[in-house]
There are 2 protein chains.
Amino acid sequence: MQIKSKFTAAVHILACIDIFGGQMRVTSDVLSGSTGINAVIVRNVLGQLRTAGIVETRQGSGGAHLAKALDEITLYDIYKAVDCVDDEGLFHFHENPNAECPVGRNIHRVMDGRLEAAQAALENELKSTTLAEVVADTRKMIDEE
Amino acid sequence: MQIKSKFTAAVHILACIDIFGGQMRVTSDVLSGSTGINAVIVRNVLGQLRTAGIVETRQGSGGAHLAKALDEITLYDIYKAVDCVDDEGLFHFHENPNAECPVGRNIHRVMDGRLEAAQAALENELKSTTLAEVVADTRKMIDEE
DNA sequence: GAAAGTTGAAATAAAGATAATTACAACTTT
DNA sequence: AAAGTTGTAATTATCTTTATTTCAACTTTC
């Protein structure tokens, strides 16, 4: 079980938009080349990031741009934007517990609060880093190569 | 994307073993009946819990028993036992980032530490509740019905 | 305004992961 | 010996994720 690669892909994409944005038009083809991800999938991710107000793209002209300052975009914003986790939550229950069984009909409620707390802990951690840090670290690594 | 239901299933199973253990032989069939999960899958989960030293089962005789005190089993122990998350970690990277691209060949390293921290936050939260609490809450809910 | 290049989006296919099912040998108890 | 159970392997089904194909709508440039 893994959180879908769309999340890390989105971070990769945003880093590229910032780092290459000055030098070239960062099209879905360019991003596909850097990430190894199919260009249509890249466009889907960009679409979700656009809906979330994180990037700007336009039909025809080509080239994505950040819609916010790097330090105003957290990893959590990206994670939310690409829908890593739906409304059901990160944890999954089996659909058919037996309502005849006293444990079966209560276990969900007993667990819910605790699982939400665990998910919140993960998400809070993601809120604590911004793209600014990620890009700064990436630039540093590139310089040190 | 969701953490596989084997985790919540395992918690359900363990709660049943404790709550019904006094009254009946808790076989994989009984557990299948309460959870709605196929009996073979239940046996697989029990096998993983046994390997982790959480339950005891024996061929032939039938009926699972807890191998530890309820307050010595945390949700994290169960989560680990059933292999919700493999060695690759909770977050998933696309396999083929372009090594020619300076971002492509560095982004993984940049993100790793932060993603591990997020995963650790989730796991620490799971460490903070024991089966004793889950079972106590379940019994309370049953009594209040 | 035509050509070239791009985005947005839908539909379909491929690949991978999760859960269910079938089948049966090994084991315990009665 | 019979009945019931576990452990395990093999297969199938279902669902999710990712890739691919296709094309209309849009911008820019010539």
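Residue numbers start from 1 in every chain, and the chains themselves are labelled A, B, ... in the order their sequence lines are given, proteins ahead of strands.
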- Query: In whole angstrom, what separates N38(B)'s CG from dA9(D)'s C1'?
  - Reply: 14 Å
- Please report, rounded to the nearest Å, how far the P atom of dT16(D) is from the CG atom of L90(A). 15 Å
- Is there a side-chain polar atom (N or O) of R58(A) under 4.0 Å from OP1 or OP2 of dT28(D)? yes
- Pair assignment for dT30(C), Watson-Crick or G-U wobble, requiring both distances under 3.5 Å: dA1(D)
- Which residue lies more 5' along DNA chain D, comparing S28(B) with G36(A) via nearest heavy atoms: S28(B)
Would you mind writing out the side-chain donor-acceptor pairs for residues 52-69 of chain B within the sub-3.5 Å range, not counting sequence neighbours?
residue	atom	partner	partner atom	Å
T57(B)	OG1	R50(B)	NE	2.9

- Task: Ignoring backbone atoms, test whether S61(A) places a side-chain nitrogen or oxygen under 4.0 Å from the OP1 or OP2 oxygen of dG5(C).
- Result: no
- Atom CZ of R43(A) and atom P of dC26(D): how far apart are they, to the nearest Å? 16 Å
- Can you label the angle between the Y79(B) ring and the F7(B) ring as parallel, tilted or perpendicular, going by 30° and 60°? perpendicular
- Query: Can you check the R25(B) CZ to dA3(D) P distance for me, whole Å?
  - Reply: 15 Å
- Between H92(B) and Q59(B), the residue closer to the 5' end of DNA chain D by nearest nucleotide is Q59(B)
- Task: Could you tell me whether D29(A) contacts a base, only the sugar-phosphate backbone, or nothing, with contacts defined as non-hydrogen atoms closer than 4.0 Å?
- Result: nothing
